[in-house]
Amino acid sequence: MSKTVTPYQNEQVTKKEQVADMFNNISKTYDFLNHFMSLGIDIIWRKKAINQLKKDQPKLILDVATGTGDFAFEALKILKPEKIIGVDISRGMLDVADQKIAKRGLSDKFEVRLGDSERLLFDADTFDAVTVAYGVRNFENLEAGLADIYRVLKPGGKAVVLEFSKPKAFPIKQLYNFYFNYITPGIGKIFSKDSRAYSYLPESVAAFPDGETFTKLMDKVGFKDTKHKPLAFGICSIYTGVK
C-alpha cells in the first residue's frame with residue numbers, strides 16, 4: 001500500500017485503535033447503512049463468497065473482522081459447519097453480534113471474541129477455513145494479517161476474502177467514484193453520528209492493493225492456488241487461497 005489511510009488522520013493514535021473507535025461509533029447504524037448504501041447487493045456478494053467454500057465443507061470456520069456477524073450468519077445457513085468463531089477489534093460491533101446470536105438461538109454454533117486480526121489468539125493449523133468480508137483494507141499491516149490467517153489455517157484449508165475493489169471500465173468507474181466519494185459520505189453524515197467513517201471508506205478502498213497485487217501478497221505469505229474474481233464490473237472482488 002502506498003500510504004496508510006486512517007479513519008481520523010490522528011498521527012498520535014495507531015490505525016488499529018482508530019479503526020476500533022470508528023466501528024464502536026457506527027456499530028448501531030452499521031447494518032442498516034450497509035444494506036441501504038449497497039441497495040442490498042452486499043447480501044448477494046456475501047453469498048457468492050461463501051459459495052467458494054461449498055465443496056470444501058469446512059467444519060470449523062474463523063471469521064476475521066466479523067463485525068456484527070452478517071457474513072458468519074450467512075455462512076452458517078449455506079455451509080452448515082459445526083462452529084464459527086468470529087473475531088473483531090470493536091467491542092461495539094461484537095455487542096450487536098452477540099444480541100443477534102442470542103435472538104437467533106445460535107450460541108452453540110457461533111461465538112464472537114474481541115481480538116486483533118493481525119495477532120490471532122489461536123494455535124497454528126486450527127481452522128478448516130478463514131473468511132474476511134470487507135475487513136482486510138482496515139488491517140494496519142496487511143501482510144502480517146494475511147500471514148497470521150495462513151498460520152491458523154489447517155494444511156489444505158482455504159481462505160476467502162471479500163473486499164471492495166476499483167472498477168476500471170467506463171462508465172462504471174466514473175459512476176462508482178462519484179457515488180463513493182460524494183453520495184456515501186452524505187448518507188453516512190445523515191444517519192451516523194460519525195460522518196468521518198464514511199469518508200474513510202472511499203479513501204481506504206482507493207489505497208487498497210486490489211486485484212493481482214493482493215493475490216501476489218497472498219502468494220508471498222505462502223498461499224497456493226490464489227485467485228481473484230471481480231464482481232459487479234469490479235466494484236467488489238473475491239480472493240481465495242489454499243494453505
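All values derive from a computational prediction rather than experimental measurement.
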With sequence neighbours excluded, tell me which residues meet side chain to side chain contact (heavy atoms under 4.5 Å, CB included) with Y8.
Q18, D21, M22, N25, D194, R196

Salt bridge between D125 and R151, side-chain N to carboxylate O under 4.0 Å?
no

Check K28 with D95, please: is the shortest side-chain N to carboxylate O separation under 4.0 Å?
no

Residues which pass side-chain hydrogen bond (donor to acceptor under 3.5 Å, both in side chains) with T14, listed by chain and number, not counting sequence neighbours:
E17

Output yes when E82 and K109 qualify as a salt bridge under the 4.0 Å nitrogen-oxygen rule, no when they do not.
no

D128 side-chain N/O to L60 backbone N/O, donor-acceptor pair under 3.5 Å:
yes

With sequence neighbours excluded, what pairs up with D210 under the side chain to side chain contact (heavy atoms under 4.5 Å, CB included) test?
S165, K166, K168, F208, Y239

So, are D116 and K16 salt-bridged, with charged N and O less than 4.0 Å apart?
yes

Which residue pairs pass the side-chain hydrogen bond (donor to acceptor under 3.5 Å, both in side chains) test when at least one of the two sits in residues 59-69, sequence neighbours left out?
D31-T68, D63-T66, D63-T131, T68-K100

Can we say K227 and D225 salt-bridge, meaning some charged N sits less than 4.0 Å from an Asp/Glu carboxylate O?
yes

Nearest heavy-atom neighbours spanning N181 and P202:
OD1-CB, 3.6 Å

Using side chain to side chain contact (heavy atoms under 4.5 Å, CB included) as the criterion, list what pairs up with S117, not counting sequence neighbours.
V64, A65, F139

Mind checking side chain to side chain contact (heavy atoms under 4.5 Å, CB included) for K48 and listing every partner two or more places apart, or none if nothing turns up?
I44, L231, I238

